[in-house]
Novice: 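Take this structure, written in structure tokens, and hold onto it; I'll ask about it next.
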Amino acid sequence: MIDLRLVRDNPDAARASQLARGADPAAVDRLLAADASRRAAVAAADELRAEQKTFGRSIGKASPEDRPALLTRGKALAAEVDEAESAETVAQAELTAAHKIIDNVVSTDTPPGGEQDYVVLKHVGEPKVLTGKVRDHLELGEGLGAIDMERGAKVSGARFYFLKGVGAQLQFAMLNLAISRALANGFTPMIPPVLVKPESMEGGGFLGAHADEVYKLANDDLYLVGTSEVPMLAYHADEILDLSAGPIRYAGWSSCFRREAGSYGKDTKGIIRVHQFDKVEMFSYVRPEEADQEHQRLLAMEEEMLGLMELPYRVIDTAAGDLGSSAARKFDCEAWVPTQEAYRELTSTSNCTTYQARRMNIRYRDENGKPQMAATLNGTLATTRWIVAILENHQQPDGSVVVPAALRPFMGGLEVLEPTR
RNA sequence: GGUAGCGUGUCCGAGCGGCCUAAGGAGCACGCCUCGAAAGCGUGUGAGCGUGAAAGCGUUCCGUGGGUUCAAAUCCCACCGCUACCGCCA
């Protein structure tokens, strides 16, 4: 949720943000109206309650002969309070609804526009010119005995796979390297639950426009998370954090589950777009004034990892219309995928400012000891999809794949993955 | 899954229809005392919302949600969690 005070003091900023996202600026005015009527309802209910409380106490002290008359009056007051409280509840619900519908206020640095309006911040490395027979990641993975899509489909259906042998090893190595880099940077490793309650899912803003992306276990009223961002955010729900010693940083390792509804026919080959994958995700709780700096830090760590994987990539500043509902600004790192002759997203880091924290009621104490809303940020440190870029960029004409040096210590010193057929 | 007990403020813990505006203790903060400290003494000690320039005032919060009542931490119901025992099980 966005800051109500900001909306009251500077509604134009909120309207401008809505326009940049391609959303309805009138939603801001509906929020203001709902806010005003809630405040009126609260004042009315408070006043009646105060009256009832004082009056109720007098009944207890009254003499037996005075009681019947007082009780009649008491009953009437109770009915009035009841009515006022109902009105208060309704007004509160209307305010919450109007409040939640508005996405985070975008950063003034975020490029306006839609999916195609991103700004490329930089390129790192040159797309490699491959010679000889060039294989895509699936062909390479199958040749190495690393990826088995057919059996994935047999066992679980489309968009499922087995990582096997060096494929499984490669993923372990990559994720372990990610965790060790996170540790070196002061992150606390975390293995979270991947099944969460509806309110945990809701808090991150994942049940809004993209609710059909999420797997739900109806029998148990639980959701499978699409990223460990969900449990790492819900982890500190309703808490007042101590950020006096600096940000709190976690690196979550989890499987992630996505329905990929509406992506029929897109990326059907291989493991680029799958229903289940593994990921190491960074998550930071910071003071709002530190959020931009933390965002740069997360981006730098993503770039470091891509560098260690020896991949050519570019960094883009995502446009307002392509931001998630919680994000004010988002940077994606996209690695070159030779057989697609395209850059594909490998990491994504979002600055969610106080938006998620406000939904989850996560605060910290400022210098004066007063609770204030915290800011949250997240970013990818490694995922299964990276295997696509690693295999394709480091392939050799004979179908073998050179292991990036940084991964070798995590693979028993293995330097080259050799085809098994 | 079954049965029983328990869920109170930062922590421990009392309260079991109106005097709860939640006892008492610990912790913490400040002050006094002291050369300094400890001890002792005194004062203060949460969050949300509303209102106000502020101090303040009002209101909500005793696991969560309902209910009974003029009035609920207190009575009733459901749910969640913890603990113990039983059953089942990788």
Side-chain angles (χ1 to χ4, degrees), chain A residues 1-9 31-100 155 191-203 216-223 231 234-245 248 255 285 287-288 354-374:
Chain A
M1 292 187 276
I2 63 175
D3 187 353
L4 250 186
R5 249 170 315 176
L6 171 91
V7 180
R8 281 178 206 157
D9 299 344
L31 176 59
L32 282 171
D35 178 43
S37 47
R38 185 194 70 104
R39 278 191 283 173
V42 166
D46 275 4
E47 199 177 323
L48 274 170
R49 253 193 305 263
E51 191 183 342
Q52 189 202 26
K53 267 177 96 164
T54 337
F55 185 80
R57 265 193 277 269
S58 73
I59 298 179
K61 296 180 189 125
S63 61
E65 53 270 25
D66 289 342
R67 274 202 188 211
L70 293 176
L71 280 177
T72 310
R73 172 75 182 123
K75 271 184 194 173
L77 259 177
E80 281 181 62
V81 168
D82 204 37
E83 200 174 318
E85 286 185 338
S86 300
E88 191 180 358
T89 307
V90 169
Q92 178 62 57
E94 281 170 356
L95 173 64
T96 304
H99 201 175
K100 278 193 174 168
V155 172
I191 299 178
V194 294
L195 285 167
V196 300
K197 298 185 201 175
E199 55 263 40
S200 303
M201 207 64 183
E202 167 72 31
K216 181 178 185 180
L217 280 70
N219 285 346
D220 300 282
D221 204 19
L222 290 169
Y223 293 91
Y235 186 71
H236 284 306
D238 298 317
E239 294 181 19
I240 299 177
L241 306 174
D242 182 2
L243 297 180
S244 59
I248 295 176
S255 290
Y285 294 91
R287 299 188 200 122
T354 57
Y355 188 87
Q356 289 181 325
R358 191 166 288 107
R359 295 184 114 179
M360 295 302 262
N361 190 27
I362 300 169
R363 295 167 294 171
Y364 72 99
R365 287 190 195 280
D366 65 17
E367 316 73 57
N368 303 317
K370 286 287 149 216
Q372 305 283 355
M373 282 299 161

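Chain identifiers are assigned alphabetically (A, B, ...) following the order of the sequence lines, protein sequences preceding nucleic acid strands; residue numbering begins at 1 within each chain. Nothing here was measured: the structure is a model prediction, and the numbers come from that model.
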Novice: If we take the C1' atom in both B:U68 and B:U83, what is their distance in whole Å?
Specialist: 31 Å
Novice: Between P on B:C79 and CD on A:E199, what's the gap in Å once rounded to a whole number?
Specialist: 17 Å
Novice: Using whole Å, report how far CG of A:L48 lies from P of B:G50.
Specialist: 18 Å
Novice: Stem finding on RNA chain B, please: runs of three or more consecutive Watson-Crick or G-U wobble pairs, both distances under 3.5 Å, sorted by first number.
Specialist: B:1-7 with B:80-86, B:10-12 with B:24-26, B:27-32 with B:40-45, B:46-51 with B:56-61, B:63-67 with B:75-79
Novice: Going by ring pair (Phe, Tyr, Trp, His ring centres under 6.0 Å), name the residues that satisfy it together with A:Y355, two or more places apart in sequence or in a different chain.
Specialist: none
Novice: Considering only heavy atoms from C-beta outward, does the side chain of A:R358 approach that of A:D3 to under 4.5 Å?
Specialist: yes
Novice: A:I240 or A:G74: which one's nearest nucleotide on RNA chain B is closer to the 5' end?
Specialist: A:I240
Novice: Could you state the CG-P distance from A:D3 to B:G48, rounded to the nearest angstrom?
Specialist: 14 Å
Novice: Could you state the CG-P distance from A:D238 to B:U10, rounded to the nearest angstrom?
Specialist: 13 Å
Novice: Is a side-chain donor or acceptor of A:T89 paired with a backbone partner of A:E85 at a separation under 3.5 angstrom?
Specialist: yes
Novice: With rounding to the nearest 0.5 Å, note down the distance linking CD1 in A:I2 to OG1 in A:T354.
Specialist: 9.5 Å
Novice: Taking the P atom in each of B:G67 and B:U74, what is the distance between them to the nearest angstrom?
Specialist: 14 Å
Novice: Could you give the distance separating B:G63 and B:G9 at their P atoms, to the nearest angstrom?
Specialist: 8 Å
Novice: Give the rounded distance in Å between these two atoms: CG of A:L77 and C1' of B:U69.
Specialist: 14 Å
Novice: Atom NZ of A:K197 and atom C1' of B:G63: how far apart are they, to the nearest Å?
Specialist: 11 Å
Novice: Looking at side-chain heavy atoms only, is the closest gap between A:R365 and A:D242 below 4.5 Å?
Specialist: no
Novice: Within less than 4.0 Å of OP1 or OP2 of B:U51, is there a side-chain N or O belonging to A:R39?
Specialist: yes
Novice: Picking from A:L31, A:V7, A:D35, what satisfies side-chain contact (heavy atoms from CB on, under 4.5 Å) with A:H99?
Specialist: A:L31
Novice: Could you work out the separation of B:G48 and B:A55 based on their P atoms and round it to a whole Å?
Specialist: 15 Å
Novice: Would A:R359 and A:E202 count as a salt bridge (Lys or Arg N to Asp or Glu O under 4.0 Å) if you check the C-alpha gap in whole Å, the side-chain angles of each, and the deciding distance to 0.1 Å?
Specialist: CA-CA 9 Å; A:R359 295 184 114 179; A:E202 167 72 31; 3.7 Å; yes
Novice: Is a side-chain donor or acceptor of A:R38 paired with a backbone partner of A:A91 at a separation under 3.5 angstrom?
Specialist: no
Novice: Write down the distance separating the C1' atoms in B:G40 and B:G46, rounded off to the nearest Å.
Specialist: 28 Å
Novice: Using atom C1' of each nucleotide, how far apart are B:U8 and B:A73 to the nearest Å?
Specialist: 7 Å
Novice: Mark yes or no for whether A:R363, through its side chain, and A:E239, through its backbone, hold a donor-acceptor pair below 3.5 Å.
Specialist: no
Novice: Taking atom P of B:C70 as reference, at what distance in whole Å does atom CD of A:E83 sit?
Specialist: 17 Å
Novice: How far does the C1' atom of B:U43 sit from the matching atom of B:G36, given to the nearest Å?
Specialist: 23 Å
Novice: Would you please name every residue forming a ring pair (Phe, Tyr, Trp, His ring centres under 6.0 Å) with A:H236, sequence neighbours left out?
Specialist: A:Y250, A:Y285
Novice: Between C1' on B:C70 and NZ on A:K75, what's the gap in Å once rounded to a whole number?
Specialist: 8 Å
Novice: Would you give me the side-chain donor-acceptor pairs under 3.5 Å for residues 72-82 of chain A, sequence neighbours excluded?
Specialist:
from	atom 1	to	atom 2	distance (Å)
A:T72	OG1	A:P68	O	3.0
A:R73	NH2	A:E51	OE2	3.2

Novice: What contact category does A:R73 fall into here, base, sugar-phosphate, or nothing, at under 4.0 angstrom with non-hydrogen atoms?
Specialist: nothing
Novice: Both A:K370 and A:L71 contact RNA chain B. Which one's nearest nucleotide lies toward the 5' end?
Specialist: A:K370
Novice: Report the distance from atom OG of A:S200 to atom OH of A:Y223, rounding to the nearest 0.5 Å.
Specialist: 11.0 Å
Novice: Measuring only the C1' atom in each nucleotide, how far is B:G52 from B:U59? A whole number of Å is fine.
Specialist: 15 Å
Novice: So which of residues 356-367 of chain A are in contact with RNA chain B, with a heavy-atom cut-off of under 4.0 Å?
Specialist: A:R363, A:R365
Novice: Would you mind building the protein contact string for nucleotides 52-62 of chain B? One character per nucleotide, 5' to 3', B for base within reach (heavy atoms under 4.0 Å), S for sugar-phosphate only, - for untouched.
Specialist: ------BSS--
Novice: Are A:E88 and A:R49 within salt-bridge range, i.e. N to O under 4.0 Å?
Specialist: yes
